[in-house]
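Chain naming here is simple, since letters A, B, ... match the order of the sequence lines and numbering starts at 1 in each.
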There are 2 protein chains.
Amino acid sequence: MAAMTESELYDPARFPAFAVTVDLVVLTVRDSRLSALLIRRGEEPYAGRTALPGGFVRPAESLGQAARRELAEETGLADLPVHLEQLATYGTVDRDPRMRVVSVAYLALAPDLPAPTAGGDAADAHWVAVADVLPELFPAAQNRAEGHPPFAFDHARILADGVERARAKLEYTPLAAAFCPPEFTVGELRRVYEAVWGVTLDPRNFHRKVTGTPGYVRPAGGTTTRQGGRPAQLFTRGDVTLLNPPMLRPA
Amino acid sequence: MAAMTESELYDPARFPAFAVTVDLVVLTVRDSRLSALLIRRGEEPYAGRTALPGGFVRPAESLGQAARRELAEETGLADLPVHLEQLATYGTVDRDPRMRVVSVAYLALAPDLPAPTAGGDAADAHWVAVADVLPELFPAAQNRAEGHPPFAFDHARILADGVERARAKLEYTPLAAAFCPPEFTVGELRRVYEAVWGVTLDPRNFHRKVTGTPGYVRPAGGTTTRQGGRPAQLFTRGDVTLLNPPMLRPA
DNA sequence: ATCATATATCGTCCTACTGACGATAAATAG
DNA sequence: CTATTTATCGTCAGTAGGACGATATATGAT
């Protein structure tokens, strides 16, 4: 039995080839709303449907390299300080009607970009508020229950998985700062949590929590009045990778 | 540009095929030690090296189905009540010298099995204490620093990633019970945490924590004296999927 | 039988963290 | 000049968690 399994392993004819793609869940916070970078498909299958940016992995690049390349192509900006991590891999038999495709999804968290869709391939990419396309992820908001356009492939699930991953990571890592510019205020950081989690947080307790968690943020020296009201101190990202104690989502 | 990308997408000749495999990180707790199911490779490449069980994904099965099939083949026991979840996907260009292989790793958590390696393909599979092959994951133990056999491919990293996933999941999910038989004692559950995290926990505080977390465990009615000492109450798994409050690893 | 030992379980004390919320500071809008 | 907005500091009570004492009930040794 074991020998037969080994012979099967090494016989490429018995194990047909797969196409491998990367799909990107690129999230940002715009106007206090969690938003995703989405495209509209121009060709079959699923022509006209909303989809995640992505593409085939090339023979000479690793999965992570493919994800970074696609990200640079779709956002039109290379070498961005965006956080990129693998999300999950999707390999249902008939998720693509043309051939057997295994898709490795990546999650990217970006600050609100100055030129969101400037580049070439990014011509048809645009930011969409997640609450408008997946309202079930924001039960607190009054869901207008509008019929939003269906997604291509299993991209609705991938996007939902990416949002859930981001929500979980905000709890115990300092990744919320990845949604902010290099210098940010406590209020801006709080609005990130509120947008991603779909909740409202007490500004006073949040301020105490952030400034009291060692290594989360470091004073940058200046102040700003970007948001109106009393000027707020500017901070930069700290150096910890794990928040202790963690930020807890309200039950 | 966008049109050219689309034409690339649909031209199978320009995007060569990948082989797709699943690799399994199967963990259990035996004799109070975290152990993994490992095999010894019989053929090149990496003949003689230690490796994770796994194999090629078949054309008609999904990734999860392939993982369950391999698990059944390797453990020799089908329909086991083991927890199985996707871990991560590894796709470095030259991780396999024969061809371009993308491997989707799965994490399985099992109670100590009565017949660990009974089945056919499982002839050369055996349980190995993780601390013996990856001592750097257990800095608290006095590392005997023995040269352990090197792993095939990138399986050392995959195993390490699986252990780290398991460690994290014990904190905020009731998955520790997946290492226990259907009925277990608080002490047995504590030894799971101690084995996986590589720490010692205060039995009194642990008992208070577990019995005080709503939905984690439910009294089964009987008692047992499996471990010697005063008889302990038996419990079964509760119905929550998220522990609140979570079990916290000692800093 | 008695004692040593091992495990299980309950309780106490103290500190840290958190949620609810009052109060003050400093900008802008009218 | 006043209302409004955002930022920041404090207070207070309830909860959770680490350290650890005390007791209960089994097995194994003498």
Side-chain angles (χ1 to χ4, degrees), chain A residues 29 31-32 140 170-172 180 183-195 197 199-235 240 242-251, chain B residues 29 31-32 140 170-172 180 183-195 197 199-235 240 242-251:
Chain A
V29 175
D31 302 323
S32 299
L170 289 205
E171 289 200 81
Y172 53 92
C180 296
E183 296 197 341
F184 53 89
T185 70
V186 176
E188 291 168 351
L189 193 63
R190 175 170 51 81
R191 277 180 282 274
V192 167
Y193 279 91
E194 292 178 332
W197 284 347
V199 299
T200 62
L201 300 173
D202 185 291
R204 298 158 291 189
N205 291 337
F206 183 86
H207 189 279
R208 176 183 59 188
K209 192 72 191 303
V210 167
T211 56
T213 299
Y216 193 177
V217 297
R218 192 165 34 198
T223 62
T224 184
T225 178
R226 276 198 283 263
Q227 304 293 333
R230 171 177 167 179
Q233 285 187 52
L234 286 170
F235 293 86
V240 295
L242 236 55
L243 296 183
N244 194 353
M247 310 286 300
L248 293 179
R249 267 188 276 195
Chain B
V29 175
D31 303 323
S32 298
L170 290 205
E171 289 199 82
Y172 54 92
C180 297
E183 296 197 342
F184 53 90
T185 70
V186 175
E188 290 168 351
L189 192 63
R190 175 170 49 82
R191 278 179 281 276
V192 168
Y193 279 90
E194 293 178 331
W197 285 348
V199 300
T200 62
L201 299 173
D202 185 291
R204 299 157 291 188
N205 292 337
F206 184 87
H207 189 278
R208 177 184 57 187
K209 192 73 192 304
V210 167
T211 56
T213 299
Y216 193 175
V217 297
R218 190 164 37 197
T223 61
T224 184
T225 178
R226 277 197 284 262
Q227 305 291 335
R230 170 175 166 181
Q233 286 187 51
L234 286 170
F235 292 86
V240 296
L242 237 52
L243 297 183
N244 194 352
M247 309 287 297
L248 292 180
R249 269 189 274 194

Worksheet entry | Nearest-neighbour nucleotide for the N205(B) side chain, dG18(D), dA20(C), dT9(C) considered | dG18(D)

Worksheet, complete the sentence: Out of dT9(C), dA26(C), dA27(C), minimum distance to the side chain of R230(A) belongs to dA26(C)

Worksheet item: Please give, in whole Å, the distance from dT7(C) C1' to L234(B) CG?
Response: 14 Å

Worksheet entry | Under 4.0 angstrom between H207(B) side-chain N/O and dT9(C) OP1 or OP2 | yes

Item to complete: Can you tell me the distance, in whole Å, between the CG atom of N244(A) and the P atom of dA16(C)?
Response: 14 Å

Discussion item. If you only use heavy atoms from C-beta on, which nucleotide in dA16(D), dT18(C), dC21(C) is closest to the side chain of P245(B)?
Written reply: dA16(D)

Worksheet item: Whole Å only: how far is the CZ atom of R249(B) from the C1' atom of dG18(D)?
Response: 18 Å

Practice prompt. Could you check if a side-chain atom of L248(B) sits within less than 4.5 angstrom of a side-chain atom of E171(B), using non-hydrogen atoms only?
Written response: yes

Worksheet, complete the sentence: Closest heavy-atom pair, V210(B) versus M247(B), reported as atoms and distance to 0.1 Å, is CG2-CE, 4.1 Å

Worksheet item: Is any side-chain heavy atom of E183(A) less than 4.5 Å from a side-chain heavy atom of F235(A)?
Response: no

Worksheet, complete the sentence: Of dT18(C), dA8(C), dG21(D), the nucleotide closest to the side chain of K209(A) is dT18(C)

Response to the item:
Whole-Å distance, D202(B) CG to dT12(C) P, equals 16 Å

Discussion item. With nearest nucleotide decided by heavy atoms, which residue, F235(B) or P250(A), maps closer to the 5′ end of DNA chain C?
Written reply: F235(B)

Worksheet item: Of the candidate nucleotides dA7(D), dT7(C), dA19(D), which contains the atom at the shortest distance from the side chain of R190(A)?
Response: dA7(D)

Worksheet item: Choosing from dC20(D), dA23(C), dA27(C), which nucleotide comes nearest the side chain of R204(A)?
Response: dA23(C)

Worksheet item: Rounded to whole angstrom units, what separation is found between the CZ atom of R208(B) and the P atom of dG21(D)?
Response: 15 Å

Worksheet item: Under a 4.5 Å cut-off applied to non-hydrogen side-chain atoms, are V217(A) and F184(A) in contact?
Response: yes

Worksheet item: Looking only at atom types and distance, does a side-chain atom of K209(A) sit under 3.5 Å from a main-chain N or O of P246(A), one as donor and one as acceptor?
Response: yes

Item to complete: Taking only the side-chain heavy atoms of R191(B) (C-beta and beyond), determine which of dC21(C), dA8(C), dT18(C) contains the nearest atom.
Response: dA8(C)

Response to the item:
M247(B) CE to dG17(D) P, in whole Å, measures 8 Å

Item to complete: Starting at atom CD of E188(B), determine the distance to atom C1' of dT7(C), rounded to an integer number of angstrom.
Response: 12 Å

Practice prompt. Let me know the distance between CZ of F206(B) and P of dC10(C), rounded to the nearest Å.
Written response: 15 Å

Discussion item. Categorize R226(A) for me: base, sugar-phosphate, or nothing, with a 4.0 angstrom heavy-atom threshold over every strand shown.
Written reply: nothing

Worksheet entry | Candidates dT25(D), dT9(C), dT18(C) - which lies nearest the side chain of P231(B) | dT25(D)

